[in-house]
Amino acid sequence: MSLKQISLIFGISIISYSASAAVIWNLGIDDDSQDGNGDATLGDPATLNGVEFNVSGVRESGEQDLPGNPANAGGLGDDDARDVDDDYYFAGVYTTAAGDGGYEPVGAVSENESFFDRALTAGDPNMRWHFNVPETVTPDDNFTFTIDFYNLNETNAGDISSYDLTFWVDGKQIGEMQPHMDIDLSSAQSWDFSLDDLGGIEKVGSGFDHYVEVRSTPTGSARWASLDYVQLEVSSEPIVEDDPNISVATAVNFGDIPLGGETAAETIVFTNSGVAQNLVITELTLEGERPDAFTIIAPNLPLTLAPGTESQIEITVTPGEIAESVSAILAVTSNDTSDGDSTIVRLGARIFEPFNDENTLWFIGTDDDSQDGDGNASLNDLAFFNGTNFFASGVQESGEDFLPGNPANTGGNGSTRDIDDDFYFAGSYNTVVDGGDYTPVGEVETNESYYDRALTNGDPNMRWHFNVPKSIGPNDAFTFTVDFYNLSESDPASESSYDLTFFVDGKQIGEMQPHSEADFSAAQSWEFTVDDLGGTAELGPGFDHYVEVRSTPTGSSRWASLDYAKVDVIPGANQDLIITELSVDPDNNNVTFSFQAKVGLIYAVDRSTTLRSSGEPGGWLEINDSLVAQSEIQSFTDPGAAAGNAKFFYRVRVAEE
């Protein structure tokens with residue numbers, strides 16, 4: 001505290017306070033001790049309006065009512081005649097009762113009292129301090145009351161005990177309860193209030209009996225708490241409303257965790273954004289729907305955070321054996337009671353069954369006859385690209401769009417929704433490969449989150465952009481599959497469909513296939529090759545490849561909602577089948593030959609003696625339609641085939657499904 005000016009006029013101290021906080025009065029100082037003898041020694045320092053004096057604490061003598069005695073004589077702790085009460089008076093004039101009155105004010109008090117009530121107990125739970133507000137206080141000034149107790153005696157030292165303190169100005173409660181706790185003895189408690197709480201500028205100066213009061217409630221096995229110091233400050237600074245104040249994220253999302261994956265962890269940081277009081281976190285509990293899914297990893301409680309400091313804990317979630325969304329609530333109990341008994345942090349995670357098939361390049365949605373068509377941030381449709389799982393959401397179509405589209409649509413619903421016909425997987429799109437004149441979009445750092453959810457008469461096309469991995473070989477082929485799970489009609493009696501054609505980099509592949517009301521469950525698929533994508537020279541990042549579905553409605557079709565779309569890779573599908581060895585066993589006329597194969601594929605074997613068409617004499621005859629390749633060089637034996645035949649021919653082909 002700095003005093004700007006001190007003048008003595010007729011023996012009265014007139015003080016002008018600086019803009020920073022100045023002490024109006026105090027009893028005791030912050031030294032974790034007290035003169036509690038109640039005798040004439042008066043070993044505790046005190047001040048009023050800058051003038052120093054000394055006081056002594058007296059053992060409490062029970063609860064008393066207003067107005068109290070301004071001239072208590074003190075006395076030793078074991079003296080039944082000791083003289084002290086709940087009301088301490090600073091020198092002043094007290095002729096007008098505070099607040100709503102109800103008591104007879106004591107009048108003039110020529111000297112500061114020498115003795116004060118030294119402790120809170122269960123039988124003497126309150127303390128009051130009476131004073132006149134200095135006339136130098138202005139309407140814009142604010143006050144801070146601070147009290148500190150340096151111990152807490154308990155019946156059972158193993159208990160968590162406290163004195164829960166409430167603060168009152170002229171009989172009206174100010175602020176929230178603050179605890180004096182056995183686990184945080186070093187923390188003082190303070191409350192801010194304004195001149196309006198004292199009745200305004202009209203009740204400043206001599207005559208007005210103002211008092212501040214602390215009322216207490218013991219918890220646990222608390223017996224007493226001894227006063228270290230109490231003080232009242234005035235300041236022109238604005239009131240800090242919340243002190244201590246816990247700051248923490250209101251929600252923590254663990255995101256998407258694959259089934260059977262590793263334990264996921266998130267850090268939760270607590271900050272004390274107050275300016276004066278320590279924040280004490282005493283309890284952390286998991287509640288809500290699935291508290292068993294989460295685990296708290298935290299330092300030993302309590303956590304004590306000085307103003308402006310932080311501490312952190314870790315919460316983990318371990319995926320179980322089923323795909324599900326799990327949520328819980330972390331309830332944080334602390335001495336910041338401004339927002340209720342505890343602070344809530346919501347926890348959430350989605351545990352999903354991951355997809356991992358090296359023969360699938362990408363997909364949007366799964367074969368479940370449904371879709372997340374909300375277009376919001378939930379993103380509930382599983383998707384996959386080049387080994388990475390992610391989630392997406394469908395958005396109501398917004399009319400036909402043209403290349404190249406926007407790779408960062410933001411979804412939504414209603415008239416402000418943001419979506420187009422072009423969905424982009426993460427990649428680099430710098431080179432146009434379809435011969436068009438559009439400008440490619442360049443770098444796309446993340447897979448898009450939103451897709452066009454349906455075909456309509458006004459929005460009949462869908463495109464999916466992707467880079468083809470360099471790992472694709474020249475003999476690999478692809479299958480594009482699309483499935484729509486409904487077909488809305490304006491006339492249910494009509495025969496309706498969406499007739500679908502398929503395009504790769506702007507060139508039609510295969511024939512039209514209908515999505516018909518007659519067979520909702522049927523998906524449509526087309527095969528294409530690396531050559532349809534420009535050959536191996538156009539593999540890897542940079543090349544803007546896309547597949548497209550164009551539709552024509554028939555009957556009374558209105559819309560068809562997308563279930564899923566995907567591209568699968570068929571390794572080596574275009575590799576020529578070459579018979580590498582052939583031999584005849586003269587003992588049994590068995591013919592055995594070997595051919596190049598793809599492990600796992602199913603092959604058919606035909607035999608002919610004339611090379612004529614099937615059905616003609618000696619023509620092609622299927623002798624095996626389910627030969628599963630066990631190695632890259634697969635052998636086959638045709639028992640007794642050489643008997644009576646001077647020549648014979650074999651051919652091998654991939655079996656038809």
Side-chain angles (χ1 to χ4, degrees), residues 357-361 472-482 500-504 507-514 516 518-519 521-533 535-536 547 566-657:
D357 187 339
E358 63 181 11
N359 292 331
T360 293
L361 179 57
I472 295 295
N475 295 316
D476 294 340
F478 305 88
T479 299
F480 170 79
T481 305
V482 68
L500 310 179
T501 50
F502 174 62
F503 292 78
V504 173
K507 300 182 293 291
Q508 183 173 344
I509 302 294
E511 302 297 325
M512 182 278 291
Q513 296 185 41
S516 169
D519 188 8
S521 63
Q524 290 73 48
S525 64
W526 294 263
E527 293 186 359
F528 60 102
T529 68
V530 172
D531 289 339
D532 294 320
L533 293 164
T536 56
V547 293
K566 69 171 180 173
V567 167
D568 292 315
V569 180
I570 310 172
N574 293 324
Q575 182 174 330
D576 293 334
L577 292 171
I578 300 174
I579 295 177
T580 57
E581 277 186 56
L582 189 146
S583 62
V584 177
D585 188 333
D587 295 330
N588 54 22
N589 292 314
N590 290 348
V591 178
T592 299
F593 62 86
S594 300
F595 62 93
Q596 295 176 347
K598 177 68 176 178
V599 175
L601 282 186
I602 301 174
Y603 295 90
V605 179
D606 301 329
R607 181 182 62 213
S608 172
T609 57
T610 64
L611 293 179
R612 293 180 179 177
S613 299
S614 178
E616 296 182 11
W620 289 110
L621 175 67
E622 184 178 77
I623 58 176
N624 191 308
D625 64 357
S626 57
L627 177 60
V628 180
Q630 303 297 321
S631 64
E632 292 183 355
I633 301 297
Q634 178 66 40
S635 64
F636 174 77
T637 298
D638 186 8
N645 292 315
K647 60 181 179 179
F648 35 83
F649 305 94
Y650 290 92
R651 67 182 183 187
V652 180
R653 52 189 170 83
V654 177
E656 298 178 0
E657 295 183 358

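Because the structure is a prediction, the values reported are computed rather than measured. As a basis for the values below, the full set of heavy atoms in this structure was taken, side chains included, without hydrogen atoms, waters or symmetry mates. The residues of the chain are indexed from 1 along the displayed sequence.
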Beyond-backbone contact of [X] with [Y], side-chain heavy atoms, under 4.5 angstrom:
X	Y	result
D568	N359	no
T592	D585	no
V591	R607	no
V652	F593	yes
F478	D532	no
W620	L611	yes

Got a second to check how far [X]'s [atom1] is from [Y]'s [atom2], nearest 0.5 Å?
X	Y	atom1	atom2	result
M512	T501	CE	OG1	9.0 Å
L361	K566	CG	NZ	11.5 Å
L621	T609	CG	OG1	10.0 Å
T610	E616	OG1	CD	7.0 Å
D625	I602	CG	CD1	9.0 Å

Which heavy atom in [X] sits nearest to a heavy atom in [Y], and how many Å separate them?
X	Y	answer
A597	S631	CB-O, 3.8 Å
G600	V628	O-CG1, 4.2 Å
P514	Q524	O-NE2, 3.3 Å
S525	T479	CB-CG2, 4.0 Å
T481	A523	CG2-CB, 3.8 Å
D476	V530	O-CG2, 3.4 Å

Is the backbone of [Y] close enough, under 3.5 Å, to the side chain of [X] for a donor and an acceptor to pair up by distance?
X	Y	result
T637	P639	no
N590	G640	yes
D638	A641	no
Q513	E511	no

Looking just at side-chain N and O atoms, do S594 and S635 make a donor-acceptor pair shorter than 3.5 Å?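 Checked: S594/S635 side chains show no N/O donor-acceptor pair below 3.5 Å.
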Angle class for the W526/F502 ring planes (parallel below 30°, perpendicular above 60°, tilted otherwise)?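 Geometry flag for F502 against W526: parallel rings.
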Residues forming a salt bridge (charged side-chain N to carboxylate O under 4.0 Å, His left out) with R612, sequence neighbours excluded: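 Testing R612 for salt bridge (charged side-chain N to carboxylate O under 4.0 Å, His left out), a comparison that skips the adjacent residues, returns none.
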Taking D606 first and then R653, would you say they form a salt bridge - that is, a charged N and a carboxylate O separated by under 4.0 Å?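 Salt bridge flag = yes for R653 with D606.
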Before we go on, tell me: are the rings of F595 and Y603 under 6.0 Å apart, centre to centre?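 For F595 and Y603, the ring centres are under 6.0 Å apart.
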Given side-chain contact (heavy atoms from CB on, under 4.5 Å), test Q596 with I633 step by step and report yes or no. CA-CA 5 Å; Q596 295 176 347; I633 301 297; 4.0 Å; yes
